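Before any comments, here is the structure.
In what follows, chains are A, B, ... by sequence order, proteins preceding strands, each numbered from 1. Because the structure is predicted, anything quoted here is derived from the model rather than measured.
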2 protein chains.
Amino acid sequence: MSLALRDSPLVAEATRDRIKEHARAIGYIYNRRAASLRTSRSGIVGVVVHDIMNPFYAEILRSIEMELDRGRQTFILSNHYDDLEKQRNFIDTLLQLGADGVIMSPAIGTPPEDIMVAEHNGLPAVLVARSVDGADVPAFRGDDAYGIALATNHLISLGHRRIVMIGGTDQTSTGRDRYQGYVNAMEAAGLELRSGWRLPGPRNKQAGFEIASQFLALKDKPTAAVCWNDLVAIGLMNGIARAGLRPGVDISVTGYDDLEEAAIATPALTTVWNGQREVGRRAARVLLDRLNGAAVKTTLELIRPELHIRQSTGRPVERT
Amino acid sequence: MSLALRDSPLVAEATRDRIKEHARAIGYIYNRRAASLRTSRSGIVGVVVHDIMNPFYAEILRSIEMELDRGRQTFILSNHYDDLEKQRNFIDTLLQLGADGVIMSPAIGTPPEDIMVAEHNGLPAVLVARSVDGADVPAFRGDDAYGIALATNHLISLGHRRIVMIGGTDQTSTGRDRYQGYVNAMEAAGLELRSGWRLPGPRNKQAGFEIASQFLALKDKPTAAVCWNDLVAIGLMNGIARAGLRPGVDISVTGYDDLEEAAIATPALTTVWNGQREVGRRAARVLLDRLNGAAVKTTLELIRPELHIRQSTGRPVERT
DNA sequence: CTGAAAGCGCTTACAG
DNA sequence: CTGAAAGCGCTTACAG
């Protein structure tokens with residue numbers, strides 16, 4: 001009977017149909033726990049990111065969902081909110097449930113052992129959006145240094161000279177890479193980097209909105225802001241508008257990620273497409289490949305970002 | 001040993017600590033599948049909504065997460081995208097995994113049997129945000145007719161006479177209730193309801209943004225829009241601004257839900273707080289109570305909404 | 001080809 | 001109080 005229900009070729013079609021019909025009639029429910037106990041495959045994949053409600057991760061999750069659906073895997077989502085303890089608990093839960101694999105965007109400060117402990121207990125891991133040095137697993141993310149340089153160079157080419165970087169943290173590889181990309185672009189253009197021209201921290205709209213007054217009060221009167229991501233950029237533009245200045249005219253602003261929202265912001269946001277869909281799709285595929293026993297290379301793959309120019313950037317205007 | 005690991009009082013403290021220490025040393029992993037097979041409790045709760053990436057549901061999910069964490073339940077999230085088949089598959093998966101319960105915001109057109117099938121197979125259900133007539137389970141949502149009347153009456157009291165309702169669908173109880181609340185308020189004020197003054201459909205920013213031109217082209221030149229939710233309202237305001245008009249001045253706009261974003265929109269959005277946190281918290285608690293064997297009443301509970309007045313509404317201005 | 005039996009890792013009722 | 005045994009519902013290797 002169990003063979004028939006799983007469409008085994010060992011069972012004749014007519015027999016199979018009859019059995020399935022009967023199973024439905026008596027309200028039979030397949031017990032995956034029991035099957036999993038026997039086969040040590042559960043059909044469950046864990047996915048953990050900083051915050052699933054953040055649209056950047058949401059876009060990655062959507063493409064992961066599509067791929068895993070195709071592979072008939074159930075997925076369990078969780079936020080770690082950059083709390084290492086929460087992340088460890090989640091991996092523990094996956095191990096206890098006998099999950100088949102995990103896709104994670106590791107919490108800030110994740111030691112490689114926290115990832116390898118999963119691997120060593122038969123839970124293959126794939127990283128997205130962030131990578132961890134010393135963790136010998138496949139990882140997919142955008143080329144941040146290159147991407148932020150695209151945005152910075154775009155502003156420089158428009159004639160901006162006093163460009164501030166807003167948001168992000170030095171505690172992730174992404175944070176360091178983006179800041180470095182900005183620094184490199186500025187130095188390559190022979191532009192000065194004054195202290196106070198980096199306002200680290202903001203990563204969401206609210207924080208971008210709140211930092212606007214601090215940005216506008218800088219004594220150098222910068223004419224442009226390279227933002228950590230689209231959320232910060234949109235929040236900042238709202239804050240600039242609230243202060244009576246026109247984003248895209250008085251102040252140029254760039255975002256990062258190219259969320260769906262970037263195109264309908266006011267003004268439409270110039271930003272860097274970060275390949276979320278691509279990252280999610282490839283991570284899910286490589287995990288499915290691993291589950292099917294394929295040998296995959298455990299290296300970091302960088303997706304090449306693209307600049308999308310819209311209305312939030314223009315020639316510099318001096319404020320008086 | 002199993003007693004010791006579960007902190008049973010039957011085992012002396014010293015013994016327990018020694019066993020736990022040893023378990024850690026040898027890398028013991030508790031097998032929840034096996035335990036669940038034996039006890040028929042899995043510690044898993046399913047949560048399914050239209051779209052977890054929608055901030056409205058995201059806010060509900062966050063409070064559900066907090067409560068379930070406290071009850072030491074793992075939760076599995078899923079989107080149904082208003083696809084009944086997807087929703088059925090998810091409930092099937094939960095049954096197969098032996099989940100302990102499910103919290104759902106049912107897909108459009110969910111027949112009560114689709115919910116009762118879970119109940120009858122030992123998977124207690126609780127509804128959030130939407131209710132289903134004939135499904136004998138607890139449900140929590142806002143009082144939509146009352147809430148939308150708050151917004152409509154606010155506009156009327158400012159002097160608006162030509163007020164359009166934008167977004168939503170008649171296919172959910174929520175959709176019907178909100179439209180009815182708008183109609184009731186208009187009629188109570190003796191205001192005319194012209195055809196074309198309802199633009200159904202939009203439920204997200206993109207759609208709100210795109211419908212702006214259609215709204216602005218209405219021959220009656222309405223002075224205000226009551227929007228289905230905050231996302232539509234923010235999209236609409238962006239569309240209005242793109243067309244060169246000033247939302248909050250030339251056109252008054254109200255939202256619904258009071259997302260975190262509403263307060264930092266430009267202009268800050270006048271909207272109706274819909275009790276997302278409250279809905280999620282109470283739904284999770286009642287489910288945990290059911291899991292602990294408590295008898296709970298299976299009735300619909302309406303959370304009373306509140307109007308939050310900000311800058312997107314003002315006295316009417318005639319357009320020429 | 002078919003059917004009965006073993007075993008996955010727990011928990012719990014029961015015998016000693 | 002302690003320890004061995006039964007059984008949850010599957011899958012699969014094996015005997016017939």
Query raised in the report: With respect to the side chain of A:L37, which nucleotide from C:dT11, D:dC10, C:dC8 is positioned closest?
Result: C:dC8
Query raised in the report: Once you round it to whole Å, what is the distance between C1' of D:dT11 and CD of B:Q96?
Result: 16 Å
Query raised in the report: Should A:D177 and A:R130 count as an ion pair when the cut-off is N to O under 4.0 Å?
Result: no
Report task. Measure from the side chain of A:T39, starting at C-beta and using heavy atoms only, and say which of D:dC10, D:dT12, C:dT11 lies closest. Result -> D:dT12
**Report entry** Distance, rounded to the nearest Å, where A:I29 contributes CD1 and D:dC8 contributes P
**Finding:** 17 Å
Requested in this report: Could you please spell out the steps behind the side-chain hydrogen bond (donor to acceptor under 3.5 Å, both in side chains) verdict for A:S63 and A:Q276?
Outcome: CA-CA 8 Å; A:S63 60; A:Q276 290 88 291; over 6 Å; no
Report task. Sort out the partner of D:dC1 for me: Watson-Crick or G-U wobble, both distances under 3.5 Å, none otherwise. Result -> C:dG16
Query - Separation of C:dC8 P from A:R33 CZ (nearest whole Å) - result: 19 Å
Query raised in the report: Within the distance-only criterion (no hydrogens, no angle test), does the side chain of B:N79 pair as donor or acceptor with the backbone N or O of B:Y81 below 3.5 angstrom?
Result: no
Requested in this report: Please state how far atom CZ in B:R38 lies from atom P in C:dC10, giving the value in whole angstrom units.
Outcome: 13 Å
Query raised in the report: When you measure from the centre of the six-membered ring of A:W228, is the NZ or CZ of A:R203 under 6.0 Å away and within 45° of the axis?
Result: no
Query raised in the report: What is the distance, rounded to the nearest whole Å, between atom CZ of B:R41 and atom C1' of D:dG9?
Result: 20 Å
Query - Gap between atoms CG and C1', on A:N31 and C:dG9 respectively (whole Å) - result: 14 Å
Query raised in the report: Rounded to whole angstrom units, what separation is found between the OH atom of A:Y30 and the C1' atom of D:dC10?
Result: 7 Å
